[in-house]
Amino acid sequence: MIEPSQGKSQRVVVIGAGIGGLTTAALLARRGYSVLMVDQAQVPGGCASTFQRRGFTFDVGATQVAGLEPGGIHDRIFSELAIAPPLATYCDPACAVYLPAETQPISLWRDPQQWQQERDRQFPGSQQFWQLLQDLFQVSWRFQSRDPVLPPRNLWDLGQLLQAVRPDTLTTIPFTLATVGDALRWFGLSHNQRLRTFLDLQLKLYSQVDAEETALLYAATALGVSQAPLGLYHLQGSMQTLSDRLMTALEQEGGQGLMRHTVEQIVVTGDRCSGVVIRNQKTGATWTEGADQVVANVTVQNLVQLLGDRVPQGYRQRVESLPPLSGAFVVYLGVNQRAIPEDCPPHLQFLYDYAGPIGENNSLFVSVSRPGDGRAPAGQATLIASSFTDPRAWQCDRDYHQRKQDYTQTAIARLSQFFHLTPDTLLYQEAATPRTFARFTARAQGVVGGIGQRIATFGPFGFANRTPILGLWLVGDSTHPGEGTAGVSYSALTVVRQIEAEYS
Ligand SMILES: Cc1cc2nc3c(=O)[nH]c(=O)nc-3n(C[C@H](O)[C@H](O)[C@H](O)COP(=O)(O)OP(=O)(O)OC[C@H]3O[C@@H](n4cnc5c(N)ncnc54)[C@H](O)[C@@H]3O)c2cc1C
């Protein structure tokens, strides 16, 4: 039994120190709760953590951060925690997208006018489509910044949802059941292969699915956040600085973070969650930690596993009937700076082949470190490239190592078309597969990035933070508003407000 920290008498256990769990834990500790946060990994941060190899610091998954601008979600949270946000510079362009056989990229400029000119040049005839996206984004963004609870599960949640609604919000309702594919058809653009491919590539990064399936309202936001006055940021030091600051805030507020401790089970007594079973990985000691509230910063699939036979049947069925989820294949390269072309944007996306779905190594999302950003020794850089992959294909032991090697070689060969990768400039290489993610982040089957922002699973139709079990909350990228460090921070703030409301 761990000694509770000082403050309010209510005890909260947070399972997982991803950005969602860290944010919930730090905010609850700041608001006076007795908080214990438990994570099975060695370092906090989950998919937004880092690892070190031979002088290089590699960001495990997330490499760019939204929500650091004044009033953005990370900014709001760091203000409440009275702690300085990590140092960051914005990415401009946010991304340079290279379509097959094209040598000039489509650049997502931060300046809205510059981005509009780029779109007009790259996708003539699509102005009305982009105007619709922009209009929907502005209304949706104002709505989201009034902190709605989505989807609502009781009267308090509904009240929070309704207080966020304004007359302009109602204009988005007719678009709730539309996808990006529908919008392309409305404007006669469904056969515009170039535009569709660009949208597929970008949307897959944020919504897990392509334009045909992505909910239009979600897409409007995902495609709008990279323009001023918002933007995507590159953190000085590494992505770890985000987690480290949240961990510092938790500890300063008297909360406790236990690394290398695994939650093996969520305990339910009657109709209420009453605690968790924790195992110390070093000693093997196991104990039950009682709690008034338990916040699970895990995937919804992991939540079902942790509940075992206590999970309500309908909830289990819903989780089990989700469409297959994506995993990631990532190569981490330590290179000589000579490998990086002059004026290389910090993020690039390459598609190598128009045929087939985006994924399985035919597209790469690439993040490049900047000189002096703390990720590589002087004169060197990190280059991280990720692609989507079906996690089920990596479960079989027989061809695992061969497959990993083939994927790595293919990725490096493809990157060599843009970067100067030679035995001379390529100093270090390592790869992560869904099995690696399963091992280091404990995500079931190594799935990453949430449940996909299709109509059936986005916003009003997604998984709620409030679970069917009293005193048990779900936080992170399986819930609204979805993946990304900014997204999971919103979900953390929602859970904190819901728990506060329980005691007010
Ligand atoms: C390759 C890749 C690239 C990405 N790029 C970006 C990007 O550029 N920008 C961006 O914003 N987002 C990006 N994302 C998405 C982003 O990283 C995630 O959506 C976000 O970090 C998820 O945070 P989370 O708190 O929901 O969960 P996680 O990061 O998964 O954290 C969950 C934590 O819970 C712990 N845990 C799980 N089960 C247990 C248990 N039983 N007991 C104890 N601990 C447990 C894990 O160890 C982990 O630390 C990327 C993701 C990947 C994989």
Side-chain angles (χ1 to χ4, degrees), residues 13-25 37-49 58-68 73-74 91 94-95 205-206 208 222 225-226 232-235 239 242-243 246 257-266 276-281 295-303 305-306 326-332 346-347 349 364-367 384-389 391 432-434 436-444 446-451 474-479 481-492:
V13 172
V14 178
I15 310 168
I19 300 300
L22 281 160
T23 305
T24 315
M37 182 186 65
V38 184
D39 196 296
Q40 55 87 41
Q42 278 183 12
V43 289
C47 292
S49 60
F58 294 105
D59 295 327
V60 165
T63 52
Q64 54 186 8
V65 175
L68 277 171
I73 185 66
H74 286 302
C91 308
C95 193
L205 282 183
Y206 302 114
Q208 301 283 309
V225 288
S226 49
L232 296 180
Y233 290 81
H234 179 75
L235 298 191
M239 281 300 295
L242 189 57
S243 310
L246 292 167
L258 279 185
M259 302 308 296
R260 312 272 343 246
H261 283 70
T262 305
V263 169
E264 297 199 317
Q265 193 193 332
I266 294 173
V276 295
V277 176
I278 301 176
R279 181 171 52 83
N280 179 330
Q281 290 176 15
V295 181
N297 174 213
V298 300
T299 66
V300 72
Q301 295 79 7
N302 285 88
L303 182 71
Q305 286 171 4
L306 287 170
S326 255
F329 177 81
V330 189
V331 287
Y332 306 93
H347 300 286
Q349 210 178 6
L364 288 174
F365 176 72
V366 183
S367 303
I384 301 169
S386 57
S387 60
F388 299 95
T389 185
T433 71
T436 324
F437 277 94
R439 184 161 158 226
F440 290 100
T441 68
R443 297 173 71 102
V447 299
V448 293
I451 55 171
L474 179 64
V475 76
D477 56 18
S478 293
T479 63
E483 73 165 308
T485 63
V488 302
S489 301
Y490 269 115
S491 81

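Read the numbers this way: they start at 1 and go in the same order the structure lists the ligands and their atoms. All values reported here derive from a predicted model rather than from experimental measurement. One is the number of the first residue; the rest follow in order along the sequence.
Taking every heavy atom of Gly46 and a limit of under 4.0 angstrom, the matching atoms of ligand 1 come to 29 (O), 31 (O), 48 (C), 49 (O). Proximity to Val38 (heavy-atom distance under 4.0 Å) selects the following atoms of ligand 1: 43 (C), 44 (N). Within the listing of ligand 1, atoms 25 (O) sit less than 4.0 angstrom from a heavy atom of Gly20. Taking a cut-off of under 4.0 Å to the non-hydrogen atoms of Gly476, the atoms of ligand 1 that pass are 26 (O). When each atom of ligand 1 is checked for a heavy atom of His261 under 4.0 Å away, the hits are 43 (C). For ligand 1 and Val448, the ligand atoms under 4.0 Å from any heavy atom of the residue are 53 (C).
Nearest residue to atom 16 (C) of ligand 1 from Gly61, Gly484, Ala444, Gly450 is Gly484 (criterion: closest heavy atom). Across the listed options Met37, Arg439, Gln281, Gln40, Gln40 owns the non-hydrogen atom lying nearest to atom 43 (C) of ligand 1.
In this structure, Thr485 is part of the shell of residues with a heavy atom less than 4.0 angstrom from ligand 1. Distances shorter than 4.0 angstrom do not occur between any heavy atom of His347 and any atom of ligand 1.
Scanning all protein heavy atoms for the shortest distance to atom 34 (O) of ligand 1 gives Gly16 CA, 3.2 Å. Closest to atom 5 (N) of ligand 1, if we only count protein heavy atoms, is Ala62 CA, 3.2 Å. Annotation: atom 18 (C) of ligand 1 to nearest protein heavy atom, Asp477 OD2, 3.6 Å. If you check which protein heavy atom lies closest to atom 48 (C) of ligand 1, you get Asp39 OD2, 3.3 Å. Scanning the protein heavy atoms around atom 32 (C) of ligand 1, the nearest turns out to be Asn297 O, 3.3 Å. Closest to atom 46 (C) of ligand 1, if we only count protein heavy atoms, is Thr441 O, 3.1 Å. If you check which protein heavy atom lies closest to atom 10 (C) of ligand 1, you get Gln64 O, 3.5 Å. For atom 21 (O) of ligand 1, the closest heavy atom belonging to the protein is Cys47 CB, 3.8 Å.
Tested against Met37, the residues Ile15, Leu22, Val295, Val13 include a single side-chain contact (heavy atoms from CB on, under 4.5 Å) partner, Leu22.
A 4.5 Å side-chain heavy-atom check between Thr389 and Pro434 finds at least one atom pair inside the cut-off.
With a 4.0 Å cut-off on non-hydrogen atoms, Val488 touches ligand 1 through its side chain and not its backbone. At a 4.0 Å heavy-atom cut-off, ligand 1 touches Arg443 through the side chain alone. Only the side chain of Val298 comes within 4.0 Å of ligand 1, judged by heavy-atom distances. Of all the heavy atoms of Thr299, none lies under 4.0 Å from any atom of ligand 1, so neither backbone nor side chain is involved.
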Could you give me the CA-CA distance, side-chain angles and deciding distance for His347 and Leu232, then say whether side chain to side chain contact (heavy atoms under 4.5 Å, CB included) is met?
CA-CA 10 Å; His347 300 286; Leu232 296 180; over 6 Å; no
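Annotation for Ser489 and His74: closest pair OG-CE1, 3.1 Å, computed over non-hydrogen atoms.
Polar contact check, Val263 against ligand 1: a nitrogen or oxygen pair lies under 3.5 Å apart. Ligand 1 has a nitrogen or oxygen under 3.5 angstrom from a nitrogen or oxygen of Ile19. Residue contacts with ligand 1: Thr63 is placed with a nitrogen or oxygen under 3.5 Å of a nitrogen or oxygen of the ligand (distance criterion only).
Within a 6.0 Å radius of CD in Gln281, more than 12 heavy atoms belonging to other residues, nucleotides or ligands are found. The neighbour count for Arg260 CZ, taken as heavy atoms of other residues, nucleotides or ligands under 6.0 Å away, is above 12.
Listed by chain and number, the residues in a side-chain contact (heavy atoms from CB on, under 4.5 Å) with Ser49 are Val43, Val60, Gln240 (sequence neighbours excluded).
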